[in-house]
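Report on one structure; see the data block that follows.
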Amino acid sequence: MEKIISYENLTKLVDGIIQSGHIAIGQDEKGINWKRLNDAKELKINYASVPSNLSYKEFLFTKTEPVFYFRNNKDNFNLIEPKPEINENSKIVFLGAKPCDSRSIEIMSKVFNWDYKDKFFNQRAVQSIVIGTACNYQDEFCFCTSVGLSPVSEKGSDIFLVPLDDKNFAVKIISEKGKEFIAPYLNLLADENISLDKIIVGIKAPEKKFDTAKVKEWVTNNFEHKIFDDAGATCLSCGQCAFACPVCHCFDIVDEECDYTCGRRMKNWDACQFGLFTLHGSGHNPRETHGKRYRQRVAHKFKYYHDKFDEILCTGCGRCSRGCPAGIDIACVVTNINTVANQA
Amino acid sequence: MCNNIYKPELMEVTEIIDETVDTKTFRLKLKDEEVAKNFSFKAGQFGEYGVFGEGESTFCIASSPTRSDYIECSFKHVGKVTTALRRLSVGDTIGFRGPYGNYFPVEEMKGKNVLFIAGGIGLAPVRCVIWNTLDLRDQFKDITIVYGARSVQDLVYKRELEEWKSMKDIKTVVTVDPGGETPDWKDEIGFVPAIVEKISPKSENTVAIVCGPPIMIKFTIPVLLKLGFSEDNIITTLENRMKCGLGKCGRCNVGNVYVCKDGPVFTYTQLKELPQEY
Amino acid sequence: MNELREKARELLQSGTVKVIIGYAQGTTPLHTKPIIIRFAEDSDKLVMNKYCVNNLSVYLTRKEFKGNGTVGIVAKGCDVKSIVQLIQENQVNKDDLYIIGVNCNGAVSELGKEFSAETVATKCLHCMVRTPHLYHTLIGTQEELPKRADTNFEMLQKLEAMTPDEKWNFWEAEFEKCVKCYACRQACPLCYCERCIADKSVPRWIESSAHTRGNIAWNIIRAFHLSGRCIGCNECERACPAGIPLSLLNRKMGMTAKKEFDYVAGMGLDTPTLVGTFDVKDNEDFIK
Ligand SMILES: Cc1cc2nc3c(=O)[nH]c(=O)nc-3n(C[C@H](O)[C@H](O)[C@H](O)COP(=O)(O)OP(=O)(O)OC[C@H]3O[C@@H](n4cnc5c(N)ncnc54)[C@H](O)[C@@H]3O)c2cc1C
Ligand code: SF4
Ligand code: SF4
Ligand code: SF4
Ligand code: SF4
Ligand code: SF4
Ligand code: FES
């Protein structure tokens, strides 16, 4: 016996979420980005189409946000805490997260919580409810199975949907948080006699392209290698790959004016592929070339982050590659590394 | 929830010293007395100094932890925030976050000889340890200071250099690069590594602290190794570009090391293990 | 394709060029990607087809190619426009270039989609340079281009019919989406400034934050800096992960340059640039 929910009832659930003052986050009409749904009719569960250009990271680690305001009254400085734009009692509900999206909170939590704790990220992470969905899409850019996930992975989801047909999903309640959240809406679920396991087994997965342990070992021993220069040779140094990525978390801190009497310090997305990212005041730049910057991207994801936090900094969504204006495909680069490592 | 790690404490500029044409030293006092009472740091740590409306900049704490009712920082004018800092006067308010990072192993250095080697503005972090050791003079053996700058005009902490030179129980050698001397210059002329080789300090039971431009460090370390210093006893600092100082913003890493948290102080043994990306 | 590879091999072997910037097969048959080759034996990596969308002239202004011998570049007519514009703006030396011009049969609007009448890029619909207007060697033969309605132009007309308030609301909603990744700038062959105004910090002219205010400032300033210069390759719009219709802005600016000054960017090697010329007869009635 499994719980199922119809698309229609899912829409009602979203209605309920919005009515009770929670924030429903779903994909936009074009599947480009995620947005706050104002109306349940806007709901789209894109389980069978390509991952959106941008991930929903924006709602956890925002592209820009004030970390405090400052006001100067006659040499008397006041620092003012920003008010969270989302009420702390509201849940932030991500609807239709694929396995390569739903892992992002757990992965990013590591860096935002070692020693110093980033309350801005944490606050949203605590408020979040991830309603994940099994994924029925795959293309040449997908590689979730190479980084320990799969189209049916429940990791990171609080509630997990498995599409049964166009109109119905099986519902699996994964976490305590999910259980608590769904409690008021249990009437929208129905019992059905199906074998979910069979359905799950039937969902096709992209083939595994590389072995992260092998890649990590090779990167450790081959820091200076032509492979990185070749991979980065045509990189345009834009931020697309980092900004689209569900787990890239680099940021800049800058001050700006609000008006003539008040200013604010902002935390803004930044990316290691930008030429200015590591430029010293003296003009010295430790990562001067595209190759060195691309090496940082690969090494951070498949070695450094794993060294430090025991996580691969990648969910295999393929966004960075699909969107790269220079056609650089991270899975190809890493698969290449794996091949070279095998030959060594 | 927990506190805001990006929000600084307020500090008042209580004294400004012009070190060179492009370098100033600020003496700073925490405005909040409660915070000031609980404030402490260790030699080698750094902070984020902010001018509201302009941004933040990373400098080491240049004063000694043994003098805890104020901190000092020395900064060179290079960009946005340092330009703004330069324009401040006594009584102005700045933001301070810190202390951050690891520190020099001053405790372990006790009972040993200490050799300080610094170039240019690199004397700032070293000065912090120098005063730290001088304030506890009897707990250390021989103390030697070698300091060099491009020219006489570029020497920082000139008063203190004179003071150290006049102290009987330490040895202080000051040098300028060839061509950087003035007609009345009486101290050494030559690059720092050459001068270290010339005075050839003994390596036995000695810790060497080396800070300065990368090129100086690169050429000084082989000299120290030749003199017999062990790799564990050569200590330096890395200055990668930083923003957060908290191990979050992602720009200061050298390989899997965040310089802002795992550094900025590294022994040569550790440095050798890191990829060449600093 | 063989013609291209043979030509490339010959150019590299004879030393006529030091490097060739061209296209290689991408992740799927419906993708290509830029490649920089230096050895004759790599010539077989080159491809030319309807999925060669990149405007490769973006690489010409890189330091590594300056003063390091002749650079060969595979270019469609629209790419040659930006090459011409770069030569006009003294960014690229004509004598250091070897253009392998391509008789173009259209390019797809979005990589990953099969080329067809529905997916042919807007810029191809009215292309005047299917045979490039400047080249050292020309390859390929022309076929009939598929036709479709120019929906981009229809949208532009709709925009033009809007009141200023409506226009503002339209663009505000679009720019709000910008994430300040600067992919538009980085993909643009004519955004070659050593230090972009968006990166200047003393003083900071454009707020770097990706809030609506900062985004509007960025996108409008970029549109200004490209007006009379943009050659309409549409690489900026293709690169934008936020799906902002940058082509509407650029196209409008281009149409204005044509209407007011009878100028089309990237067409005449010997004509001075639009923004680099002053003529007393210029229409100045916008200054009131
Ligand atoms: C651990 C640590 C300790 C340090 N200790 C000290 C210290 O004790 N003393 C000290 O002086 N420094 C120290 N530094 C270096 C110091 O942090 C930098 O020099 C400082 O942050 C520069 O800040 P800024 O805002 O003035 O420069 P920014 O404005 O941020 O300049 C940064 C970049 O912008 C460029 N830039 C700036 N302005 C312009 C312009 N007008 N036009 C074009 N480009 C421009 C510069 O080339 C530079 O690459 C330390 C660094 C670290 C990591
Ligand atoms: S998206 Fe591609 S071109 Fe842009 S920085 Fe990333 S790898 Fe380079
Ligand atoms: S690195 Fe690329 S594939 Fe991996 S999670 Fe980020 S965007 Fe997805
Ligand atoms: S890959 Fe680059 S942008 Fe992404 S988190 Fe790592 S350092 Fe930051
Ligand atoms: S602005 Fe866009 S369309 Fe115009 S030249 Fe640049 S990239 Fe091409
Ligand atoms: S490419 Fe798009 S999102 Fe990125 S900066 Fe340009 S307009 Fe903004
Ligand atoms: S300075 Fe931000 S991570 Fe080190």
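Within every chain, numbering begins at 1; the chains are lettered A, B, ... in the order of the sequence lines, protein sequences first and strands thereafter.
The most heavy-atom pairs under 4.5 Å with chain B, out of A:Arg287, A:Met266, A:Glu224, A:Glu257, come from A:Arg287. When each of A:Asp307, A:Leu79, A:Thr278 is scored by its heavy-atom pairs under 4.5 Å with chain B, the top score falls to A:Leu79. Most heavy-atom pairs under 4.5 Å with chain A: of the set B:Pro275, B:Gly79, B:Pro213, this distinction falls to B:Pro275. Contacts with chain B were tallied for A:Asp115, A:Asn285, A:Val254; A:Asp115 has the most, counting heavy-atom pairs under 4.5 Å. Between chain B and the options A:Phe70, A:Trp114, A:Tyr305, the largest number of non-hydrogen pairs under 4.5 Å is found for A:Trp114.
A donor-acceptor pair is defined here as one N or O able to donate and one able to accept, closer than 3.5 Å; no such pair exists between the side chain of A:His284 and the backbone of B:Pro214. Judged by distance alone, the side chain of A:Lys308 and the main-chain N or O of B:Asn256 form a donor-acceptor pair under 3.5 Å.
Under the 4.5 Å side-chain criterion, counting only non-hydrogen atoms from C-beta, B:Ile5 is not in contact with A:Lys117. With contacts defined as side-chain heavy-atom distances shorter than 4.5 Å, the pair B:Cys249/A:Asp252 does not qualify. The side-chain heavy atoms of B:Val257 and A:Tyr304, taken from C-beta on, include no pair separated by under 4.5 Å.
For B:Tyr278, the OH atom is densely surrounded, since the number of other residues' heavy atoms within 6.0 Å is greater than 12. Enclosure of atom CD in A:Glu180 is not indicated, since only 12 or fewer non-hydrogen atoms of other residues, nucleotides or ligands lie within 6.0 angstrom. The 12-atom threshold is not exceeded at CZ of B:Arg150, counting heavy atoms of other residues, nucleotides or ligands nearer than 6.0 Å. Sparse packing is recorded around CD of B:Glu273, with 12 or fewer heavy atoms of other residues, nucleotides or ligands lying under 6.0 Å away. The neighbour count for B:Glu15 CD, taken as heavy atoms of other residues, nucleotides or ligands under 6.0 Å away, is above 12. Annotation for B:Lys42: atom NZ does not count as buried by contact number, only 12 or fewer foreign heavy atoms lying within 6.0 Å.
When heavy atoms are compared at a cutoff of 4.5 Å, A:Phe120 approaches chain B solely by way of its side chain, counted from C-beta outward. Contacts between A:Arg264 and chain B at a heavy-atom distance below 4.5 Å are absent for every atom of the residue. Heavy-atom distances place no part of A:His306 under 4.5 Å from chain B, backbone and side chain included. Both the backbone and the side chain of B:Leu246 come within contact range of chain A, each with at least one heavy atom under 4.5 Å from a heavy atom of that chain. At a 4.5 Å heavy-atom cutoff, the contact between A:Phe112 and chain B is made by backbone and side-chain atoms alike. In this structure, chain B has a heavy atom under 4.5 Å from the backbone of A:Asn113, while its side chain stays farther away.
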Show, in sequence, the C-alpha distance, side-chain angles and deciding distance for B:Lys261 and A:Tyr116, and conclude whether the side-chain contact (heavy atoms from CB on, under 4.5 Å) test is met. CA-CA 10 Å; B:Lys261 277 194 34 74; A:Tyr116 298 102; 4.1 Å; yes
Kindly indicate, with the supporting measurements, whether the criterion side-chain contact (heavy atoms from CB on, under 4.5 Å) is fulfilled by A:Ile253 and B:Cys244. CA-CA 7 Å; A:Ile253 301 176; B:Cys244 69; 4.2 Å; yes
Tell me, with the steps shown, if A:Lys119 and B:Asn4 meet side-chain contact (heavy atoms from CB on, under 4.5 Å). CA-CA 6 Å; A:Lys119 72 164 192 173; B:Asn4 185 345; 4.0 Å; yes
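For residues 48-56 of chain B, the interface with chain A (any heavy-atom pair closer than 4.5 Å) comprises B:Gly50, B:Val51, B:Phe52, B:Gly53, B:Glu54, B:Gly55, B:Glu56, sorted by residue number.
Counted by atom type alone, B:Tyr6 and A:Asp118 present one or more donor-acceptor pairs between their side chains at under 3.5 Å.
For the pair A:Lys292 and B:Glu277, the salt-bridge criterion is not met [side-chain N within less than 4.0 Å of a carboxylate O]. Contact check on A:Asp255 versus B:Lys80 returns no salt bridge, with no Lys/Arg side-chain nitrogen under 4.0 Å from an Asp/Glu carboxylate oxygen.
With values rounded to the nearest 0.5 angstrom, A:Phe68 atom CZ is found 8.5 Å from B:Lys7 atom NZ. For the atom pair B:Met11 CE and A:Phe77 CZ, the distance stands at 15.0 Å (nearest 0.5 Å). Rounding to the nearest 0.5 Å places CD of B:Glu239 at 9.0 Å from OG of A:Ser282. Distance SG/A:Cys272 to CZ/B:Arg251: 10.5 Å, rounded to 0.5 Å. Here the CZ atom belonging to A:Phe251 is positioned 10.5 Å from the NZ atom belonging to B:Lys243, to the nearest 0.5 angstrom.
Across all their heavy atoms, B:Asn253 and A:Gln296 have their closest contact at ND2-OE1, 3.2 Å. Here the closest non-hydrogen pair linking A:His280 and B:Asn240 is NE2-CA, 3.6 Å.
Note: A:Phe309 and B:Tyr258 have tilted aromatic rings, judged against thresholds of 30 and 60 degrees for the angle between ring planes.
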